[in-house]
Amino acid sequence: MSLKVATWNINSVRLRIDLVTKLLADEAPDVLCLQETKCPDDLFPEKALHKAGYTHIVKSGQKGYHGVAIVARVPLENASVKQFCGKQDCRHIQATAKGVEIHNFYVPAGGDEPDPVKNEKFAHKLQFLDEMATWFKRAKAKTTAKRVVVGDLNVAPLEHDVWSHKQMLKIVSHTPEEVARFEAVVAAHKWIDVPRLFTPHDEKLYSWWSYRAKDWETSNRGRRLDHIWASPALDGAATGVKTLTHARGWERPSDHAPVIADFAV
DNA sequence: ATGGCCGCCCTAGGCGGA
């Protein structure tokens, strides 16, 4: 059996519902995990998704900010959300599809100043990553379940996950402090970085390009903020990965591109 | 190196994004 999982920070699911259904038509993933839906649950555009054949939907949204959802054409079981940092800010939802526990995350961006004393948003981001590590360490001790983590984790950990390692070292998303926290989350569950199984570490790989560039494609100052991780139980199960870079060039695009992985499960 | 653009919200300037 195969499982095709997509993740996409959509930056408003209502504004871009036509792009979502286009992605579903083009790629037909079993499961699509969305972040930054910016949509209260009762206003989620379910009708268009049902029409596209995606009748299994779980979501955790609120007005204006953040928000995550899992949209699937296969049944979703045991859906739940976890709160981090004592906040109810819609940054995680999980559900099981085809026997695989899928976690969809939207990690705090962290603001501009990479100093947790001066900038409480950065402190929030570090604490969020710490809580992820603690949680996954316990989860791993309990079971060897097939698990996948996806989402906008807002950290580009590797040198070639950013356009300029040197120039990004003091820029939030690539600072040594948050990368160390990020690596601790990975170590806590021995997560496998799935896209990097297929793209060598010395090759650039991005999933986000700023809206602010005059021409995102030409300047190509990207970052790999969107991730797909597999648990050790899925070691060797990934059969392919792609980043849909061209979706960044669609009409009225999200600033993130979808990332898609296939697994034999 | 910086500034550049988006989308949301008690529809307008402030916030959050990264």
Side-chain angles (χ1 to χ4, degrees), chain A residues 7-20 34-45 59-69 84-85 87-92 104-116 118-129 151-179 181-182 204-227 243 245 247-259:
Chain A
T7 180
W8 197 9
N9 179 320
I10 192 62
N11 187 16
S12 175
V13 69
R14 282 179 288 174
L15 189 68
R16 286 186 244 285
I17 186 60
D18 292 347
L19 301 189
V20 173
L34 295 168
Q35 304 87 36
E36 281 206 89
T37 54
K38 299 186 175 179
C39 179
D41 288 345
D42 56 339
L43 297 177
F44 199 86
K59 67 251 184 202
S60 174
Q62 62 182 354
K63 190 162 63 179
Y65 299 111
H66 321 319
V68 288
F84 290 82
C85 308
K87 296 177 192 281
Q88 298 185 29
D89 54 356
C90 307
R91 293 181 179 278
H92 167 267
N104 179 14
F105 276 93
Y106 178 50
V107 171
D112 285 326
E113 176 72 42
D115 180 341
K118 288 189 216 156
N119 173 10
E120 65 180 40
K121 288 182 195 170
F122 193 68
H124 179 210
K125 182 179 198 174
L126 297 182
Q127 189 187 338
F128 195 101
L129 292 167
D152 178 1
L153 306 185
N154 267 319
V155 179
L158 301 175
E159 180 173 344
H160 294 290
D161 290 341
V162 294
W163 65 277
S164 168
H165 172 63
K166 201 176 165 189
Q167 288 185 74
M168 290 288 298
L169 278 169
K170 290 179 178 171
I171 304 295
V172 171
S173 71
H174 194 61
T175 66
E177 194 171 10
E178 62 199 295
V179 168
R181 297 310 224 284
F182 183 94
K204 296 291 184 192
L205 188 58
Y206 310 140
S207 66
W208 174 88
W209 294 261
S210 173
Y211 282 128
R212 295 180 186 189
K214 263 185 214 144
D215 182 335
W216 69 275
E217 201 167 16
T218 302
S219 65
N220 198 24
R221 295 182 172 188
R223 305 178 199 174
R224 186 168 71 109
L225 304 177
D226 302 276
H227 294 269
T243 304
T245 307
R248 179 63 180 79
W250 285 349
E251 187 87 25
R252 283 256 258 173
S254 167
D255 45 355
H256 295 253
V259 183

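All chains are named by letter (A, B, ...) in the order of the sequence lines, taking the proteins before the strands, and each is independently numbered beginning at 1.
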A:Arg223 (side chain) donor-acceptor with A:Ser173 (main chain) under 3.5 angstrom: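 Not confirmed, A:Arg223 side chain does not pair with A:Ser173 backbone.
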Treating A:Asn9 as the side-chain partner and A:Ser254 as the backbone partner, does any N or O pair qualify as donor plus acceptor under 3.5 Å?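 Such a contact is absent between A:Asn9 side chain and A:Ser254 backbone.
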Roughly how far apart, to the nearest Å, are [N] and [M] at atom [atom1]?
N	M	atom1	answer
B:dA18	B:dG4	C1'	13 Å
B:dG17	B:dA12	P	25 Å
B:dT2	B:dC8	P	30 Å
B:dG14	B:dC10	C1'	14 Å

Ignoring hydrogens and geometry beyond distance, is a side-chain donor-acceptor pair present between A:Asp89 and A:Gln62 at under 3.5 Å?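 There is no such pair (donor and acceptor under 3.5 Å, judged by atom type) between the side chains of A:Asp89 and A:Gln62.
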Applying a 4.0 Å non-hydrogen cut-off, can you work out what [X] is touching in the nucleic acid: base, sugar-phosphate, or nothing?
X	value
A:Tyr106	sugar-phosphate
A:Asp152	sugar-phosphate
A:Ile171	nothing
A:Asn9	sugar-phosphate
A:Ala109	sugar-phosphate

Check the phosphate of [N] against [X], side-chain N and O only, distance under 4.0 Å to OP1 or OP2. Yes or no?
X	N	answer
A:Asn11	B:dG16	no
A:His256	B:dA18	yes
A:Arg221	B:dT2	no
A:Arg16	B:dG7	yes
A:Lys63	B:dC10	yes
A:Ser12	B:dG7	no

Look up atom CG in A:Leu158 and atom CZ in A:Phe182, then write down how far apart they are to the nearest 0.5 Å.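 Reported to 0.5 Å precision, the distance equals 8.0 Å.
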Could you measure the distance from the NZ atom of A:Lys121 to the CG atom of A:Asp112? Nearest 0.5 Å is fine.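 One finds 7.5 Å between NZ of A:Lys121 and CG of A:Asp112.
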Whole angstroms only, please: what is the [atom1]-[atom2] distance between [X] and [N]?
X	N	atom1	atom2	result
A:Gln35	B:dG7	CD	P	17 Å
A:Asp255	B:dG7	CG	C1'	10 Å
A:Lys170	B:dT2	NZ	C1'	15 Å
A:Lys121	B:dG17	NZ	C1'	8 Å
A:Gln62	B:dC9	CD	P	11 Å
A:Asp226	B:dG17	CG	C1'	13 Å
A:Lys125	B:dA18	NZ	P	9 Å
A:Trp216	B:dA18	CH2	C1'	17 Å

Could you say whether A:Trp163 or A:Arg14 is positioned toward the 5' end of DNA chain B, judged by the nucleotide with the nearest heavy atom to each?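 Its nucleotide being nearer the 5' end, the pick is A:Trp163.
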Got a donor-acceptor pair under 3.5 Å from the side chain of A:Arg252 to the base of B:dG7?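 Looking at the base of B:dG7, it does not pair with any donor or acceptor on the side chain of A:Arg252 (distance under 3.5 Å).
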Give me the ring orientation class for A:His92 and A:Phe105: parallel if the planes are under 30° apart, tilted from 30 to 60°, perpendicular past 60°.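 If you compare the ring of A:His92 with that of A:Phe105, the planes turn out tilted.
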From the list B:dG17, B:dC9, B:dG7, which nucleotide is the closest neighbour of the side chain of A:Lys38?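 Within the option list, the nearest is B:dG7.
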